[in-house]
Protein chains: 2
Amino acid sequence: MFTVTAKLPGENNRDYSYRVIKEAIMALELKPGQTISEIELAEALQLSRTPIREVLAKLREEHLVEVIPQVGTYVSKIKPKLIEEATFVRITLEKEILKLSCESFPKEKLLQLKGNVAQQELLIGQQGMERKFHQLDKDFHYIIFSGNNKENAWDAINRLSTHYNRMRLLSEMEHSFNEAINQHKMFIEIIENHQAEKVEGIIRQHIIEPIKLWEDLYKENSPYKDFFDHTYKMPVF
Amino acid sequence: MFTVTAKLPGENNRDYSYRVIKEAIMALELKPGQTISEIELAEALQLSRTPIREVLAKLREEHLVEVIPQVGTYVSKIKPKLIEEATFVRITLEKEILKLSCESFPKEKLLQLKGNVAQQELLIGQQGMERKFHQLDKDFHYIIFSGNNKENAWDAINRLSTHYNRMRLLSEMEHSFNEAINQHKMFIEIIENHQAEKVEGIIRQHIIEPIKLWEDLYKENSPYKDFFDHTYKMPVF
DNA sequence: GTTAGTATACTAGTATACAAATAGGAGCGG
DNA sequence: CCGCTCCTATTTGTATACTAGTATACTAAC
């Protein structure tokens, strides 16, 4: 049904199944709109329904599944409205965080940023490294927030970005991530040289770029058409 | 143990217990640091542990309870770091939303805002109306976000504001909310007259004002001292 | 008196049995 | 052939029994 990785040490069954199921949804292995029953999941993970139910409750909070009582559970289709709101929140908060970083930023975190980008560059030209790159990308932005002591703010963004990130995966499967890496380098430059005036432009670009072509994925003749919830109007960027 | 209100129609046991337990925590009826066992809660609500467990998992996500396996469940103490992050996120996002509102805002929502403020004014001078006022206050800000189609952004703020809001309740139990009502009126004025340049000041004031005196609550000789988690450093405003 | 070991009671984690509600199809009457 | 009714299979919702880890109070040895 989906990739079941090994249970990590110190992980209880709930945390374990949360990790595995969420990864499957975010990697589009469990497809938007697909039916998933509690029993199916429990059997796939060799567990009882109890921990699975608690995981589904959590995923429902993140808009990743929808539960209809006595009927079934579905993977949420990608909703344009949630993409738009995530975009708004990310741009607004990340702009402010980057400006703060221009005033002061811990040296140690700056080193972490550089190390992270170095790892990103190692992936250039390789195939099938999308998931690895996405993890590094998320780490990169988390480091910036953490350098400003705003870890929970990043968590809030992350929870709201589930639909944005799934769409981004679709749109990047056919594109390279060179551009994103260059932008990350510019982030570091801006922080190091205190160029707060450059923040506005680069942030907007960095966040909107990956989803600019999303109309192609959304429209009638796209193979991914059914992944989207068409009951919501498509916002314009 | 705590106030158990009646079950609303169409509410399943999980939604019901979530509402009741969260209200009790947010109203400080269940005190920060207090132990609450699943069995206790189940008995108080006349339910089994299953729905209670799912509620506790949800509340843990919102940083409202902490679960230590095989030991117990506690109401989270108020953490300065979470207050600071909530303040940052609220100021940043709400500033941007109010600026957007200056460009355009639905007439119908503007009427809702005015109706809401009218209700707030009816509470002036009355005692014990803190909870009612807080509900109206939350509604007021929600209406603004909803007028910009950013309902989920508000939800994200709200989830992050659980510690901010509990502290605010403490600090307002001895103060009036006249000032807040006046600020709400100014919000409406700003939107109606497109005075984007006034946004910055009023937002900062509105969000920081209620927690300015919080050092009094936090320090050694305060009766509420134990409500706070002193392992975190206190940020400065 | 102090300390190490042990029994016990309490906790959350998990599995399972049962209830309630819905959807879909078989069967029947028109 | 169409439409209605009822039954059944399947789903999530709930309750309960069991497992395993933890803290604590008690006991016995030093």
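We name chains A, B, ... by the order of the sequence lines, and we start the count at 1 in each one.
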ask   = In whole angstroms, how far is the C1' atom of D/dT12 from the CD1 atom of A/I52?
value = 14 Å

task = Answer with yes or no after comparing the ring centroid distance for B/Y224 and B/F227 against a 6.0 Å cut-off, counting only values under it.
result = yes

note = Residue set satisfying side-chain contact (heavy atoms from CB on, under 4.5 Å) with B/E62, at least two apart, ordered chain then number -> B/Y18, B/K22, B/K58, B/L64, B/R159, B/T162

ask   = Please, which pairs that meet salt bridge (charged side-chain N to carboxylate O under 4.0 Å, His left out) have at least one residue in residues 42-55 of chain A, sequence neighbours excluded?
value = A/R14-A/E54, A/E38-A/R49, A/E38-A/R53, A/R53-B/E54, A/E54-B/R53

request  = Could I get the full list of salt bridge (Lys or Arg N to Asp or Glu O under 4.0 Å) partners for B/D229, not counting sequence neighbours?
outcome  = none

task = State which residues pass ring-ring contact (aromatic ring centres under 6.0 Å, His included) with B/H206; sequence neighbours excluded, sorted by chain then number.
result = B/H141, B/H184, B/F187

request  = Send over the distance from A/R60 CZ to D/dG13 C1', rounded to a whole Å.
outcome  = 12 Å

task = Identify the 5'-most and 3'-most nucleotides of DNA chain C with at least one atom closer than 4.0 Å to a non-hydrogen atom of chain B.
result = C/dT11 to C/dT14

Under 3.5 Å, which N/O atoms of the protein pair with N/O atoms of nucleotides 5-10 of chain D?
none

inquiry  = Applying ring-ring contact (aromatic ring centres under 6.0 Å, His included), can you list everything that pairs with B/Y218, at least two apart in sequence or on another chain?
reply    = B/W214, B/F228, B/H230

ask   = Starting at the 5' end of DNA chain D and moving along, which residue's nearest nucleotide shows up first, B/P51 or B/P69?
value = B/P51

message = Under 4.0 Å, counting only non-hydrogen atoms across every strand here, what does A/R49 touch: a base, just sugar-phosphate, or nothing?
response = base

Under the side-chain contact (heavy atoms from CB on, under 4.5 Å) test, residues paired with B/D155 that sit two or more places apart = B/N152

task = Go through the structure and list residues passing side-chain contact (heavy atoms from CB on, under 4.5 Å) with A/Q126, not counting sequence neighbours.
result = A/L123, A/M129

query = Do any of residues 36-44 of chain A sit with a heavy atom less than 4.0 Å from DNA chain D, and if so which?
reply = A/I36, A/S37, A/E38

key: Ionic contact status for A/K225 with A/E220, cut-off 4.0 Å   = yes

ask   = What integer distance in Å separates B/Q46:CD from D/dT14:C1'?
value = 15 Å

In residues 67-75 of chain B, what donor-acceptor pairs under 3.5 Å come from side-chain atoms, sequence neighbours left out?
none

key: side-chain N/O A/R53 vs D/dT12 OP1/OP2, d < 4.0 Å   = no

By salt bridge (Lys or Arg N to Asp or Glu O under 4.0 Å) - contacts of B/K77 (at least two apart) = none

